[in-house]
Amino acid sequence: MGSDPASQGTPPGGPLQLAGEPPRVHLAPLPTPLHHLPRLSERLGIEVLCKRDDLTGSVLSGNKVRKLEYLLADARAVGADTVVTCGGAQSNHCRATALAAAQLGLGCRLLLRTDDPSVPPPLEGNLLLDRVAGADVRFISRADYARRAELLAEEVARLSTAGRVPYVIPEGGSNALGAWGYVRAVFELRSQLAAMQWRETARDVTIVYAAGSGGTGAGLIAGAALADLEARFVGFAVCDDAAYFQREIARILAELAERFALSRLQVPREIEIVDEFVGVGYAKTRPEELRTLVAVARAEGLVLDPVYTGKAMHGLCELQRRTPGCLGTRVIFVHTGGVFGLLTAEHAGSLAPLV
Ligand SMILES: *Cc1c(COP(=O)(O)O)cnc(C)c1O
């Protein structure tokens, strides 16, 4: 433990209960490990650590599990018997929701986006796990996905009429309640950094993450404010643009501050988002991104995913190569999971020439 009296006697996962923290169900084995990536560090000329949030479970794994601990506690508290959520056909969030719902004895209804709902997408990767977990799946077009709020409301009405008690979880589990998952993750990190004597130099630490719907970024930034961790946070967008994520993260932070009366929480003046590595679009990959994914797997035995973490890692490596030191000299890469997205015929096809 460091010299900070506040951290004396704190368990390694951070405090058992955070001030203002809503109830949670324990789904993930926490704290997740913080691993050194020695060969990648040497290659990049900076120290790179990895917060292993891909280890929040086996099939129930990734960043969504942290959010679901709070969202599903709330679902239970209001007496829900079915959760309803939405995402892409290979959504990690939907797969984690389907499995966690089964674990808690809840039903699960998923609205999954696909190009042509009359031709169901292949039963593989996350979608296969959704079905194995017993989720009730409805495919919807991109046009319908754009009005998902309406469709979710329709599902709620339909389930209610059928005598069920539905609970809606937003896309990516990204709201103020879900963001608590990453507030807690920052308290874990603070304890882990203190144990490494890094606490004093947290100012020199840059925490890098992939941004998909903004909930992880909002939770991390809120956690830093609440845990007094003066780190820099850099989100790599995997869709949309920097302005979109700055807006979304600010919105979730404001909702967090208001709903949980966190007077210490302020929306920072600058929310750092890098949007030049979105590449050819959400869930679409370029060979250079996959080459980075393969290189990291071979150097460190760390498997990233093609949709989120692979892009963020590629961005980190590219920025450091172009402008050494621009992300500082100590980087913590948050591995938010997603391996099942890799295990699809589409990505296998793109990876085949590289492996
Ligand atoms: C959802 C997801 C993200 C993005 O997290 P948000 O909170 O939606 O921004 C990053 N990585 C993986 C693997 C994910 O499934």
Side-chain angles (χ1 to χ4, degrees), residues 28 32 50-57 59-71 85-100 113 125-127 129-130 169-186 207-223 233-242 244-253 256 271 273-275 277-278 282-283 285 289 293 302-316 333-344 347:
T32 56
C50 184
K51 178 67 170 159
R52 297 292 306 271
D53 276 8
D54 56 322
L55 298 180
T56 52
V59 280
L60 179 61
S61 59
N63 61 341
K64 305 308 182 306
V65 183
R66 288 190 184 269
K67 303 179 186 191
L68 287 167
E69 290 198 330
Y70 298 93
L71 293 161
T85 194
C86 62
Q90 281 297 330
S91 164
N92 296 309
H93 161 67
C94 290
R95 178 255 311 152
T97 302
L99 287 158
R113 181 184 65 233
N126 284 304
L127 178 59
L129 290 168
D130 295 343
I169 295 177
E171 176 184 61
S174 289
N175 61 12
L177 194 54
W180 272 96
Y182 274 85
V183 170
R184 174 162 280 277
V186 172
I207 297 172
V208 165
Y209 63 96
S213 60
T216 300
L220 287 170
I221 291 168
F233 291 88
V234 179
F236 282 85
V238 303
C239 54
D240 298 288
D241 61 10
Y244 171 81
F245 284 106
Q246 283 154 348
R247 241 185 358 258
E248 274 306 292
I249 290 172
R251 180 185 65 75
I252 298 167
L253 284 171
L256 249 176
I271 294 171
I273 301 287
V274 178
D275 62 5
F277 298 98
V278 174
Y282 178 72
T285 61
E289 295 161 13
L293 182 149
L302 186 73
V303 180
L304 302 169
D305 81 291
V307 182
Y308 298 93
T309 53
K311 284 191 181 179
M313 180 61 87
H314 182 67
L316 160 66
F333 183 86
V334 185
H335 189 338
T336 41
V339 72
F340 303 110
L342 184 68
L343 307 178
T344 59
H347 294 303

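Fair warning: this is a prediction, and the values are worked out from it, not measured in the lab. First listed ligand is number 1; within each ligand, the first listed atom is number 1.
Taking CG of N92 as the start and CG of D54 as the end, the distance is 11.5 Å to the nearest 0.5 Å. Note that the OG atom of S174 and the CD1 atom of I252 stand 5.0 Å from one another [nearest 0.5 Å]. Put simply, CG on D240 and CZ on R247 are 8.5 Å apart, with the number rounded to the nearest 0.5 Å.
On a distance-only criterion, N92 and ligand 1 share at least one N/O pair closer than 3.5 Å. Distances between N or O atoms of G172 and those of ligand 1 include no value under 3.5 Å. The shortest N/O to N/O separation between T216 and ligand 1 falls below 3.5 Å.
Given atom 4 (C) of ligand 1, the protein heavy atom at minimum distance is G212 N, 3.5 Å. Of all protein heavy atoms, the one lying nearest to atom 5 (O) of ligand 1 is N63 ND2, 3.0 Å. In this structure, the protein non-hydrogen atom closest to atom 1 (C) of ligand 1 is K64 NZ, 1.5 Å. Given atom 6 (P) of ligand 1, the protein heavy atom at minimum distance is S213 N, 3.4 Å.
L304 is listed as a side-chain neighbour of H335, based on a closest heavy-atom distance under 4.5 Å.
Taking the centre and axis of the six-membered ring of Y308, the NZ or CZ atom of K64 falls inside the cone set by 45° and 6.0 Å. In this structure, R95 is not positioned above the aromatic face of F340 in the sense of NZ or CZ being under 6.0 Å from the six-membered ring centre and within 45° of the axis.
Counting heavy atoms closer than 4.0 Å to ligand 1, residue V238 contributes nothing at all. With a heavy-atom cut-off of 4.0 Å, H93 does not touch ligand 1 at all.
Taking each heavy atom of L256 and A222 in turn, the nearest pair found is CD1-CB, 3.6 Å.
Atoms of ligand 1 found under 4.0 Å from any heavy atom of K67 (numbered from 1 in listed order, with element): 6 (P), 7 (O), 8 (O). For ligand 1, the atoms closer than 4.0 angstrom to any heavy atom of A210 are 4 (C), 10 (C). Contact atoms of ligand 1 toward G337: 13 (C) (distance under 4.0 Å to a heavy atom of the residue). Using a 4.0 Å cut-off to heavy atoms of G338, the atoms of ligand 1 that qualify are 13 (C). Near G214, with a cut-off below 4.0 Å to any heavy atom, the atoms of ligand 1 are 6 (P), 8 (O), 9 (O). Every atom of ligand 1 with a heavy atom of T336 under 4.0 Å away is listed here by number and element: 10 (C), 11 (N), 12 (C), 13 (C).
Proximity of E171 to ligand 1 is not established, as no heavy-atom distance is less than 4.0 Å. Using a 4.0 Å cutoff on heavy atoms, A211 counts as a contact of ligand 1.
Among Y209, F340, Y182, Y308, the residue whose heavy atom lies closest to atom 3 (C) of ligand 1 is Y308.
Scored by the salt bridge (Lys or Arg N to Asp or Glu O under 4.0 Å) test, R113 finds no partners at all (sequence neighbours excluded).
Ring geometry for Y70 against W180 counts as tilted: the plane angle lies between 30° and 60°, on a 0 to 90° scale.
Defined by atom type and a distance below 3.5 Å, a donor-acceptor pair is present between the side-chain atoms of D53 and Y182. Remark: the N63 side chain and the T216 side chain contain an N/O donor-acceptor pair separated by less than 3.5 Å.
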